[in-house]
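One structure coming up, written as structure tokens, with questions to follow.
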Amino acid sequence: MPAINAIEKDFNLLANNQKLLARKAGGKFTIATLGSHCSLQLLKGAKDEGFRTLLVCEKRRLGLYRRFRFIDEIIEVDNFKEVLSDKCQKRLKQANSVMIPHGTLISQMRSDEIEKIDTPIFGNKWILRWEADRKLKEKLMKEAGLRIPRTVKSKDDISGLCIVKLHGAAGGRGYYLAWSRESFEEGARRLIDQKMIRGEDDLYIQEFVRGVPVYLQYFYSPISAEIELLGIDRRYESDIDGIGRIPAKQQLGAGVEPSYNVIGNIPLVLRESLLDEVYKMGENFVRAAERLVPPGMTGPFCLEGVYDSEGRFTTFEFSARIVAGTNLYLDGSPYSGLLYVDPMSMGRRIAREVKIANKNGKMSKILT
Ligand code: AMP
């Protein structure tokens, strides 16, 4: 049938164009990631930059990921941990893959497992340990000179409102508020009953900062030695963001216990007068990472905190890799539009860095 032949011809043309683009990109490289978190954005961005794309995908999620033509190859696994297996690593290497880490890799694997991955990782895989470990995290934020909330060492030192957190990238799951030893213990008991923690030692207590939460999405290029602000978002968390829908009287009556489980992200722009400090904080973070965790903070990262009523930012967390809030800006953001003509998602920016590094023989600067 001529119509189908014509479509096939179009597809072949498209495929040839992509091959041509890949060759232009110097691109025998394949951009690979785990099928979750922000993988669609990452692989779409990689394809827009002319790369071959590969997804390591759990069988139960294949239905979703098979819908997208920009994914060239899928390695099926029963469980993400299989990415560590010889078979999976062999295929990733054969494809000359650059693996992009994201929140799912951090939450599903221990730091030592990530560090042992054979496939080259985009960015600094050693800094991911500093994201996962609360003590290292605090050390790096202090070194960067960021204003941070007070860490409360023990439940006996609680005075004033605190937020109690679990270790690792849990996306706010299980977090609760405490204002006394008793309220801390009550929350801990609940988490133990739900088998979310083994004991109180699994918890981390931090001063609760009043204000509005803001997530600053940066990219640092070790090649141009420049920092870029590519987007800003806030999280939409259940059910803390829904609690205002219940009037105070009913909240009290029903003994509502808020949780901080991330459901999605909402775009945000800041007052322009705040932006200079945003850039400075990002730069200070990059310098601190260079000193403490060589080769430093390569690629995407996020400073996460609260602006108070005086417009002061307190950083309560950082992510040393791409965050899911960047999924908002597949076609660019109000900030990436100031820097790029192309619609520049964080995923595409990563792929572009690989392309630039490859062209200039500087792959060793962006991979670990
Ligand atoms: P996280 O997973 O650490 O990014 O935190 C999840 C959510 O908890 C954030 O989006 C905030 O709503 C809240 N949060 C975390 N730390 C603090 C803090 N120190 N003060 C106030 N709110 C916080």
Side-chain angles (χ1 to χ4, degrees), residues 36-38 102-108 128 130-142 144 146-153 155 157-179 183-184 187 191 196-197 202-218 231-245 256-268 270 281 285 300-328:
S36 164
H37 194 265
C38 57
H102 55 54
T104 303
L105 189 82
I106 314 266
S107 65
Q108 305 263 324
L128 300 176
W130 289 62
E131 174 184 333
D133 181 306
R134 292 269 175 212
K135 287 209 176 89
L136 293 177
K137 183 172 247 179
E138 200 181 315
K139 187 170 170 189
L140 185 47
M141 291 200 290
K142 279 189 179 155
L146 296 168
R147 181 184 293 111
I148 58 175
R150 193 167 55 87
T151 297
V152 180
K153 295 237 161 55
K155 60 184 177 184
D157 298 335
I158 296 177
S159 62
L161 193 59
C162 292
I163 182 159
V164 184
K165 304 183 173 189
L166 280 68
H167 290 275
R173 225 164 70 85
Y175 289 12
Y176 65 94
L177 299 181
W179 50 94
S183 55
F184 169 84
L191 293 180
M196 286 183 70
I197 56 167
D202 291 341
L203 295 171
Y204 174 84
I205 316 169
Q206 199 176 59
E207 170 198 0
F208 183 87
V209 185
R210 273 174 55 193
V212 287
V214 172
Y215 288 69
L216 305 166
Q217 306 163 5
Y218 300 93
I232 303 177
D233 71 293
R234 60 157 298 188
R235 287 173 166 188
Y236 200 38
E237 295 163 334
S238 192
D239 57 359
I240 189 70
D241 289 322
I243 239 158
R245 292 161 54 87
V256 172
E257 200 57 69
S259 54
Y260 292 77
N261 208 2
V262 182
I263 299 299
N265 300 79
I266 303 173
L268 196 81
L270 284 181
M281 288 190 298
F285 187 79
F301 69 100
C302 182
L303 296 184
E304 314 173 357
V306 169
Y307 274 102
D308 67 16
S309 52
E310 304 299 318
R312 275 182 314 223
F313 190 70
T314 303
T315 312
F316 55 69
E317 295 276 346
F318 69 80
S319 296
R321 36 83 197 170
I322 187 168
V323 287
T326 58
N327 286 340
L328 284 166

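Every heavy atom of this structure was used, including side-chain atoms; hydrogens, water molecules and symmetry mates were not. Whatever order the structure lists them in is the order used to number ligands and atoms, beginning at 1.
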*What is the ring orientation for Y218 with F301, classed by angle as parallel under 30°, tilted 30 to 60°, or perpendicular over 60°?*
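Rings of Y218 and F301: parallel, as their planes differ by under 30°.
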
*Just one of F316, F318, Y204, W130 clears the side-chain contact (heavy atoms from CB on, under 4.5 Å) bar with K137, so which one?*
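Single side-chain contact (heavy atoms from CB on, under 4.5 Å) partner of K137 among F316, F318, Y204, W130: F318.
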
*Under 4.0 Å from any heavy atom of E304, which atoms of ligand 1 are there?*
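Heavy-atom distances to E304 below 4.0 Å select 4 (O).
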
*Please verify whether a non-hydrogen atom of R210 lies at under 4.0 Å from ligand 1.*
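Checking ligand 1 against R210, which is what was asked, there is no heavy-atom contact under 4.0 Å.
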
*Using a strict 4.0 Å cut-off to heavy atoms of P149, name the atoms of ligand 1 that fall inside it.*
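Under 4.0 Å from P149, ligand 1 has these atoms: 19 (N).
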
*If you measure from each non-hydrogen atom of V209 to ligand 1, which part falls under 4.0 Å: side chain, backbone, both or neither?*
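The answer is both.
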
*Are R234 and ligand 1 in contact, using a heavy-atom cut-off of under 4.0 Å?*
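Not so, R234 does not reach ligand 1.
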
*Output yes when R134 and E317 qualify as a salt bridge under the 4.0 Å nitrogen-oxygen rule, no when they do not.*
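Counted as a salt bridge, because a side-chain N and a carboxylate O are separated by less than 4.0 Å.
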
*asked:* Under 4.0 Å from a heavy atom of Y215: which atoms of ligand 1 are those, numbered in the order shown and with their elements?
replied: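 Numbered from 1, ligand 1 contributes 4 (O), 9 (C), 10 (O).
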
_If you take the nearest heavy atom of each of F208, Y175, Y260, which one is closest to atom 5 (O) of ligand 1?_
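Looking at heavy atoms only, Y175 sits closest to atom 5 (O) of ligand 1.
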
*Close side-chain approach of D233 and Q217, heavy atoms under 4.5 Å*: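 Sidechains of Q217 and D233: in contact.
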
*Answer yes when R150 and D157 have at least one side-chain N-carboxylate O distance shorter than 4.0 Å, and no when they do not.*
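Between D157 and R150 there is no salt bridge, as every charged N stays at least 4.0 Å from the carboxylate O atoms.
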
_Which of the numbered atoms in ligand 1 are under 4.0 angstrom from any heavy atom belonging to I163?_
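Checking each atom against I163, I get 8 (O), 13 (C), 14 (N), 15 (C), 16 (N), 17 (C), 18 (C), 19 (N), 23 (C).
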
*Answer yes or no: is there a side-chain heavy-atom contact under 4.5 Å between L203 and I205?*
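Answer no - side chains too far apart.
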
